[in-house]
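To keep things clear, I will list the structure first and then write my remarks on it.
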Amino acid sequence: MGIAYEDFLDESYEPAADDLVCEFHIQPGQGLTMGEAAARVASESSNGTWAALSPESDVRSYSAHAFDVAEDGSVRVAYPAALFEAGSMPQILSCIAGNIMGMKAVDTIRLADCEWPEALTKGFPGPQYGSAVLTEILEAEDRPALATVPKPKVGLSTEEHAQIGYDAWVGGVDLLKDDENLTDQNFNPFEERVTQSLEMRDRAESETGEKKDYLVNVTAETDEMVRRAEYVADHGGRFVMVDVVTAGWAAVQTVRRRTEDLDVAIHAHRAMHAAFDRLPQHGVSMRVLAQVSRLCGVDHLHTGTAGFGKLENEDTVGINEWLRSDLHGLRDVVPVTSGGLHPGIVDSVLDATGDRVIVQAGGGIHGHPDGTEAGARALRAAVEAYGEGVSLETKAETSPALAVALEKWGRDSPR
Ligand SMILES: O=C(O)[C@@](O)(COP(=O)(O)O)[C@H](O)[C@H](O)COP(=O)(O)O
Ligand SMILES: [Mg+2]
């Protein structure tokens with residue numbers, strides 16, 4: 001039975017329950033109709049190629065089907081579960097976001113969304129904790145959890161890093177967080193940073209009576225990442241951070257498998273995501289990267305500030321809704337809103353994201369005129385004002401730190 005490009009287009013196709021259904025937005029290449037381009041997408045991302053084939057065995061049960069082809073450029077492609085290796089995210093992405101991203105048959109192609117069947121999701125662990133971290137590890141039952149990255153991003157000594165953590169924790173922050181490019185450099189070596197910062201955490205916990213913790217960036221070569229995660233757990237840490245896009249999904253899966261036994265939650269930083277999702281007509285959407293992250297098992301994921309911060313964001317609200325939605329019983333993921341946040345815009349951000357999030361502020365705390373502890377107090381006051389339903393200006397009457405922050409940054413979004 002031959003297979004050729006045209007065999008991968010079936011406008012009347014009804015997806016099977018076990019199919020992975022992907023939504024693509026394409027611009028057909030020169031001389032091709034939408035249907036012809038769609039057929040090529042389904043073919044090249046499953047088991048076809050440019051030449052008509054006549055294999056002995058019938059391999060069509062592994063072939064994808066393009067359907068719902070619309071002239072506005074959207075097309076849906078249904079992939080049989082049998083095409084995929086259960087539990088291997090790299091293999092799945094090599095299909096649905098592989099060679100097709102570079103085909104001449106399309107001028108541009110964007111993988112916009114996926115509907116994941118249980119036949120595939122059951123191969124993945126999903127998050128170990130999800131939003132349970134806010135109550136089981138932290139004590140942020142009725143407010144957003146607060147996190148801060150010491151700034152400048154890198155260059156501080158271990159002592160300076162740990163001291164900033166202490167000041168932020170006693171000021172009301174829940175989580176110290178390493179920056180995405182701080183790993184194990186000479187000026188702030190990994191192991192010393194972990195031990196000294198966790199000692200400061202313990203001090204801050206006993207002084208404030210609040211649970212505190214540290215999002216330790218373990219990003220490195222995979223085996224080294226596992227060793228670093230074990231080091232964090234051995235020293236009483238409950239969180240590791242991974243730059244999931246730059247480390248790669250295979251590495252994320254390896255870390256997730258190990259953290260299951262370590263009782264350590266995974267904070268996912270998405271550095272490099274914009275290389276995939278920034279141009280709306282091409283690449284892989286942040287929505288799909290978020291879906292992949294949840295399946296691979298991260299507990300927190302940066303999803304943007306709904307446009308209020310310093311970075312371009314795509315669909316923060318929609319992605320957060322999906323991270324909280326049911327996915328065949330897998331746990332949810334806590335959205336992290338970060339990037340140019342300061343107390344003066346927190347209420348607008350929370351109006352968009354809801355308060356079951358982690359609010360991260362680096363410059364918005366350490367840039368406070370009175371220093372880190374005051375910056376932390378100002379941010380804490382801002383989120384408490386939101387919970388109390390009072391305006392920031394009213395809260396500032398009883399929070400000098402917040403008053404100073406509003407004086408400095410007002411209500412403006414940074415650029
Ligand atoms: O390095 C930074 O820029 C941050 O530490 C924020 O610092 P500030 O709080 O000082 O802005 C985060 O990495 C970004 O928020 C990541 O972007 P996103 O959250 O969109 O993935
Ligand atoms: Mg950063």
Side-chain angles (χ1 to χ4, degrees), residues 84-94 120-134 136-138 147 175-185 189-198 201 211-273 289-302 323 327-334 336 358:
F84 303 114
E85 177 188 342
S88 172
M89 191 53 75
Q91 189 268 342
I92 294 174
L93 292 173
S94 292
L120 277 185
T121 62
K122 70 177 188 233
F124 292 93
Q128 186 174 186
Y129 300 94
S131 55
V133 295
L134 298 176
E136 288 180 18
I137 302 181
L138 302 172
L175 293 163
L176 175 66
K177 173 188 170 303
D178 287 339
D179 229 318
E180 70 277 0
N181 55 354
L182 177 64
T183 54
D184 186 26
Q185 292 103 318
F190 177 82
E191 295 190 1
E192 285 82 3
R193 185 170 78 246
V194 171
T195 46
Q196 288 188 30
S197 300
L198 290 177
R201 176 209 55 188
K211 284 196 181 158
K212 306 289 183 180
D213 226 301
Y214 176 23
L215 307 172
V216 186
N217 189 358
V218 297
T219 303
E221 177 275 329
T222 306
D223 291 338
E224 177 57 16
M225 269 206 287
V226 168
R227 191 194 69 75
R228 290 180 187 181
E230 291 165 348
Y231 187 90
V232 170
D234 291 348
H235 289 77
R238 296 296 310 275
F239 295 88
V240 294
M241 169 175 140
V242 178
D243 298 343
V244 292
V245 177
T246 58
W249 305 108
V252 175
Q253 292 193 263
T254 303
V255 171
R256 173 65 180 87
R257 194 167 53 207
R258 186 68 186 99
T259 54
E260 178 75 28
D261 308 327
L262 298 174
D263 287 341
V264 162
I266 301 174
H267 179 96
H269 194 287
R270 59 179 181 167
M272 198 174 150
H273 73 95
L289 294 178
Q291 296 171 350
V292 166
S293 301
R294 184 178 182 184
L295 287 166
C296 289
V298 308
D299 297 287
H300 312 161
L301 177 67
H302 288 240
L323 290 175
L327 183 63
H328 307 298
L330 292 184
R331 283 185 180 263
D332 62 356
V333 174
V334 184
V336 179
I358 294 172

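Because the structure is predicted, anything quoted here is derived from the model rather than measured. All residue numbers refer to positions in the sequence shown, counting from 1.
- Just one of Val298, Val333, Asp299 meets the side-chain contact (heavy atoms from CB on, under 4.5 Å) condition when paired with Ser293; it is Val298.
- Judged purely by atom type and a 3.5 angstrom limit, Arg270 has no side-chain atom pairing as donor or acceptor with the backbone of Leu289.
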query: Under the side chain to side chain contact (heavy atoms under 4.5 Å, CB included) criterion, do Arg201 and Leu176 qualify, and how do the steps go?
result: CA-CA 9 Å; Arg201 176 209 55 188; Leu176 175 66; over 6 Å; no
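- In this structure Arg257 satisfies the side chain to side chain donor-acceptor pair (under 3.5 Å) test with no other residue, sequence neighbours excluded.
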Donor-acceptor contacts under 3.5 Å from residues 125-132 side chains, at least two apart:
residue : atom : partner : partner atom : Å
Gln128  : NE2  : Thr259  : O            : 3.2
Gln128  : NE2  : Val264  : O            : 3.3
Tyr129  : OH   : Arg238  : NH2          : 3.4
Tyr129  : OH   : Asp263  : O            : 3.2
Ser131  : OG   : Asp332  : OD1          : 3.2
Ser131  : OG   : Asp332  : OD2          : 2.6

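- Of all heavy-atom pairs spanning Ile137 and Ala265, the tightest one is CD1-CB, 4.4 Å.
- When the options Leu330, Leu120, Ile92 are evaluated for a side-chain contact (heavy atoms from CB on, under 4.5 Å) with Leu295, the one that passes is Leu330.
- With sequence neighbours left out, His269 forms a ring-ring contact (aromatic ring centres under 6.0 Å, His included) with His302.
- Taking CG of Leu134 as the reference point, atom CD1 of Ile358 lies at 6.0 Å (rounded to 0.5 Å).
- Partners of Glu192 under the side chain to side chain donor-acceptor pair (under 3.5 Å) rule, at least two apart in sequence or in another chain, do not exist in this structure.
- Of all non-hydrogen atoms in Ile266 and Arg256, the two that sit nearest each other are CD1-CA, 3.7 Å.
- Applying the salt bridge (Lys or Arg N to Asp or Glu O under 4.0 Å) rule to Glu85 yields no partners; only residues at least two apart in sequence or on another chain are considered.
- With rounding to the nearest 0.5 angstrom, the CZ atom of Arg258 is 16.0 Å from the CZ atom of Arg228.
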- request: Please step through salt bridge (charged side-chain N to carboxylate O under 4.0 Å, His left out) for the pair Glu230 and Arg227, ending with a clear verdict.
  value: CA-CA 5 Å; Glu230 291 165 348; Arg227 191 194 69 75; over 6 Å; no
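- Checked against salt bridge (Lys or Arg N to Asp or Glu O under 4.0 Å), Lys177 has no partners two or more places apart in sequence or in another chain.
- Going from atom OG of Ser197 over to atom CG of Asp213 covers 11.0 Å, rounded to the nearest 0.5 Å.
- When the ring-ring contact (aromatic ring centres under 6.0 Å, His included) test is applied to His235, the partners found at least two apart in sequence or on another chain are Tyr231.
- Under the salt bridge (Lys or Arg N to Asp or Glu O under 4.0 Å) criterion, Arg331 pairs with no residue at all, not counting sequence neighbours.
- Considering only residues two or more places apart in sequence or on other chains, Asp178 meets the side chain to side chain donor-acceptor pair (under 3.5 Å) condition with His161, Arg193, Tyr214.
- Nearest heavy atom pair, residue Ala290 against residue Leu323, reads O-CD2, 3.9 Å.
- Thr219 pairs by the side chain to side chain donor-acceptor pair (under 3.5 Å) definition with Asn217, not counting sequence neighbours.
- Taking the side chain as every heavy atom from C-beta outward, Phe190 and Val232 approach each other to under 4.5 Å.
- Under the 3.5 Å distance criterion, the side-chain polar atoms of Gln185 are matched with a main-chain donor or acceptor of Thr183.
- For the salt bridge (Lys or Arg N to Asp or Glu O under 4.0 Å) test, no residue two or more places apart in sequence or in another chain qualifies with Arg294.
- Taking the six-membered ring for Trp and thresholds of 30 and 60 degrees, His300 and Phe239 have ring planes inclined between 30 and 60 degrees apart.
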Distance-only donor-acceptor pairs under 3.5 Å for side chains of residues 241-253, two or more places apart:
residue : atom : partner : partner atom : Å
Thr246  : OG1  : Asp243  : O            : 3.2
Gln253  : OE1  : Met89   : N            : 3.1
Gln253  : NE2  : Gly87   : O            : 2.7

